[in-house]
Participant: 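Take a look at the following structure, please.
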Amino acid sequence: MGEPITDGISRHDSEQIDTNSQKTPPPGYKFQTHKLAKTLQDTSKTPLVLVACGSYSPVTYLHMRMFEMAADYFTVHSKYELIGGYFSPVSDYYQKEGLAPAHHRVKMCELATETSSAWLMVDSWEALQPSYQRTAVVLDHFAEELNEKLGGMVLPDGTRRKIQILLLAGGDLIESMGKKDVWASEDLHHILGHFGCMVIERTGTDVWEFLLSHDILYEHKDNIHVVKQVIYNDISSTKVRLFVKRKMSIKYLVPDAVMHYIFDKSLYSTKLTRKRDYVTYAFD
């Protein structure tokens with residue numbers, strides 16, 4: 001499988017999850033809501049939040065473009081109205097080669113979004129967890145923050161409407177969902193049935209053809225939204241790390257603030273290793 005256009009991460013169903021960590025917020029954690037839209041422009045629509053899980057080591061312009069491509073889709077084709085988006089960097093327990101410490105990855109995502117976007121935010125909950133969290137668990141966290149604690153979205157008449165949460169992913173992540181022993185069946189049903197997925201399709205691929213051949217994905221096809229990548233872009237975190245290591249320019253591959261942060265903190269200049277080695281393009 002070729003390199004995906006997102007840092008989406010699958011979680012094996014055998015991986016251990018610290019359920020207690022889901023109940024108690026990590027020290028210093030605060031859920032960000034300052035860029036969420038305060039009102040719906042069209043009250044007949046359902047408020048929507050996009051969540052992109054990944055390593056973001058480092059975050060690139062392509063990761064940010066994915067949100068914009070999704071926004072274009074929902075402006076024209078949907079019953080939803082987009083009110084915000086979140087990067088959710090994975091914790092250090094992912095233990096992937098090239099994975100910078102979580103606090104650096106969270107900071108780079110913050111630098112990339114704080115002045116360049118009016119609606120993208122960074123959630124550090126997953127990054128701060130003391131154990132590895134499945135995607136289904138992360139989406140449940142967002143549901144708790146947005147619909148239970150925040151209470152959904154307040155409409156002009158004072159009523160509240162539930163916020164729909166969609167996982168934003170690349171086509172390769174969807175393909176991984178059809179592979180045995182990568183995703184637990186119950187997690188796929190939960191993610192696709194309860195939340196849904198926004199897929200950015202790589203040029204030259206056909207996600208819908210793939211969906212037809214997998215029972216669980218086809219069952220939830222109405223909750224899977226597909227956007228074609230009209231302008232081909234294959235920027236990847238792997239290539240950015242390699243460029244840094246080879247002392248090549250990364251300008252215009254990542255936001256300037258992220259580039260300066262990488263050099264200031266001397267990130268990726270030497271090989272990073274972890275106990276478990278996921279040297280693969282499939283989930284970079």
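The figures that follow rest on heavy atoms only: side chains count, while hydrogens, waters and symmetry mates do not. Numbers for residues simply follow the sequence, beginning at 1.
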Participant: Find out whether Leu192 and Cys197 are in side-chain contact, i.e. whether some heavy atom of one side chain is under 4.5 Å from a heavy atom of the other.
Facilitator: yes
Participant: Decide yes or no on side-chain contact (heavy atoms from CB on, under 4.5 Å) for Val254 and Phe243, but give the supporting numbers first.
Facilitator: CA-CA 12 Å; Val254 300; Phe243 278 26; over 6 Å; no
Participant: Determine whether more than 12 heavy atoms belonging to other residues, nucleotides or ligands lie under 6.0 Å from atom NZ of Lys221.
Facilitator: yes
Participant: With distance as the sole criterion, is a donor-acceptor pair present between the side chains of Ser131 and Gln133 under 3.5 Å?
Facilitator: yes
Participant: Roughly how far, to the nearest 0.5 Å, is NE2 of His194 from CG of Leu139?
Facilitator: 9.0 Å
Participant: Give me the atom names and distance for the closest heavy-atom approach of Pro47 to Met153.
Facilitator: CB-SD, 3.7 Å
Participant: Grouping I, L, V, M, F, W and Y whenever their side-chain heavy atoms are under 4.5 Å apart, do Leu242 and Leu62 come out in a common cluster?
Facilitator: no
Participant: Under 3.5 Å, is there a donor on one side chain and an acceptor on the other for Glu126 and Ser88?
Facilitator: yes
Participant: For the OH atom of Tyr93 and the CD atom of Gln129, what is their distance to the nearest 0.5 Å?
Facilitator: 10.5 Å
Participant: Answer yes or no: is there a side-chain heavy-atom contact under 4.5 Å between Thr39 and Pro156?
Facilitator: no
Participant: Looking only at heavy atoms, which two atoms of Ala70 and Ile200 are closest? And how far apart?
Facilitator: N-CD1, 4.3 Å
Participant: So, does Arg161 use its side chain to make a donor-acceptor pair with the main chain of Leu155 at under 3.5 Å?
Facilitator: no
Participant: Is Gln32 reaching over with its side chain to a backbone N or O of Lys30, donor-acceptor style, under 3.5 angstrom?
Facilitator: yes
Participant: With a 4.5 Å limit on heavy-atom distance, are the side chains of Phe67 and Thr113 in contact?
Facilitator: no
Participant: Would you say the side-chain atoms of Ser57 pair up with the backbone N or O of Ala100, donor to acceptor, closer than 3.5 Å?
Facilitator: yes
Participant: Between atom NE2 of His63 and atom SG of Cys109, what is the distance when rounded to the nearest 0.5 Å?
Facilitator: 8.5 Å
Participant: Which heavy atom of Val244 sits nearest a heavy atom of Leu267, and at what distance?
Facilitator: CG1-O, 3.5 Å
Participant: Between Leu50 and Phe74, is the side-chain contact (heavy atoms from CB on, under 4.5 Å) condition met? List the steps.
Facilitator: CA-CA 11 Å; Leu50 294 172; Phe74 287 116; 4.1 Å; yes
Participant: Does the side chain of Leu168 come within less than 4.5 Å of Leu166's, by heavy atoms?
Facilitator: no
Participant: Verify, without hydrogens or angle tests, whether Glu201 (side chain) and Gln229 (backbone) share a donor-acceptor contact under 3.5 angstrom.
Facilitator: no
Participant: Looking only at non-hydrogen atoms, find the nearest pair between Ser237 and Pro58 and report the distance.
Facilitator: OG-O, 2.7 Å
Participant: Does a side-chain heavy-atom distance below 4.5 Å link Lys239 with Asp234?
Facilitator: yes
Participant: Let me see the working for His189 and Glu219 under side-chain contact (heavy atoms from CB on, under 4.5 Å), right down to the final yes or no.
Facilitator: CA-CA 9 Å; His189 282 295; Glu219 177 183 342; 3.3 Å; yes
Participant: Mark yes or no for whether Lys38, through its side chain, and Leu36, through its backbone, hold a donor-acceptor pair below 3.5 Å.
Facilitator: yes
Participant: Within this structure, what is the CG-NE2 distance for the pair Leu128 and His103, rounded to the nearest 0.5 Å?
Facilitator: 11.0 Å
Participant: Are the side chains of Lys79 and Ser44 in touch, meaning some heavy atoms are under 4.5 Å apart?
Facilitator: no
Participant: Find the distance between CE (Met177) and CH2 (Trp183) and round it off to the nearest 0.5 Å.
Facilitator: 4.0 Å
Participant: Is it the case that atom NZ in Lys247 sees more than 12 heavy atoms from other parts of the structure closer than 6.0 Å?
Facilitator: no
Participant: Just wondering, are more than 12 heavy atoms of other shown residues or ligands nearer than 6.0 Å to CG in Asp215?
Facilitator: no
Participant: I'd like to know if Asp92 and Arg105 make a salt bridge, using a cut-off of under 4.0 Å between side-chain N and carboxylate O.
Facilitator: yes
Participant: On the 0 to 90° scale, with breaks at 30° and 60°, tag the Tyr80-His225 ring pair as parallel, tilted or perpendicular.
Facilitator: perpendicular
Participant: Is Ile250 reachable from Met248 through a run of I, L, V, M, F, W or Y residues, each pair having side-chain heavy atoms under 4.5 Å apart?
Facilitator: yes
Participant: Closer than 3.5 angstrom, by distance alone: can the side chain of Lys251 be matched with the main-chain N or O of Met259 as a donor-acceptor pair?
Facilitator: no
Participant: Look at the rings of Tyr132 and Tyr94 and say which category their plane angle falls in: under 30° parallel, 30 to 60° tilted, over 60° perpendicular.
Facilitator: parallel
Participant: Can you check whether Asp42's main-chain N or O pairs, donor with acceptor, with Glu81's side chain at less than 3.5 Å?
Facilitator: yes
Participant: Considering all heavy atoms of both residues, which atom of Ser55 and which atom of Leu99 are nearest to each other, and what is their separation?
Facilitator: CB-CD1, 3.6 Å
Participant: With Leu211, which of Val199, Leu217, Ile216 fulfils side chain to side chain contact (heavy atoms under 4.5 Å, CB included)?
Facilitator: Leu217
Participant: Would Val227 and Met198 satisfy side-chain contact (heavy atoms from CB on, under 4.5 Å), going step by step from the backbone distance to the final call?
Facilitator: CA-CA 8 Å; Val227 175; Met198 174 87 256; 3.1 Å; yes
Participant: Please give me the minimum heavy-atom distance between Gly193 and Asn223, naming the atom from each residue.
Facilitator: O-ND2, 3.5 Å
Participant: Between His190 and Asp140, do the side chains contain a donor N or O and an acceptor N or O under 3.5 Å apart?
Facilitator: yes
Participant: Looking at NE2 of His104 and OH of Tyr268, how far apart are the two atoms once the value is rounded to the nearest 0.5 Å?
Facilitator: 8.5 Å
Participant: Describe, in one word, how the ring planes of Tyr29 and Phe31 are oriented to each other, choosing from parallel (under 30°), tilted (30 to 60°) and perpendicular (over 60°).
Facilitator: tilted
Participant: Do Leu212 and Tyr218 touch side chain to side chain, with heavy atoms closer than 4.5 Å?
Facilitator: yes
Participant: Side chains of Ile163 and Phe142, heavy atoms from C-beta outward: is any pair under 4.5 Å?
Facilitator: no
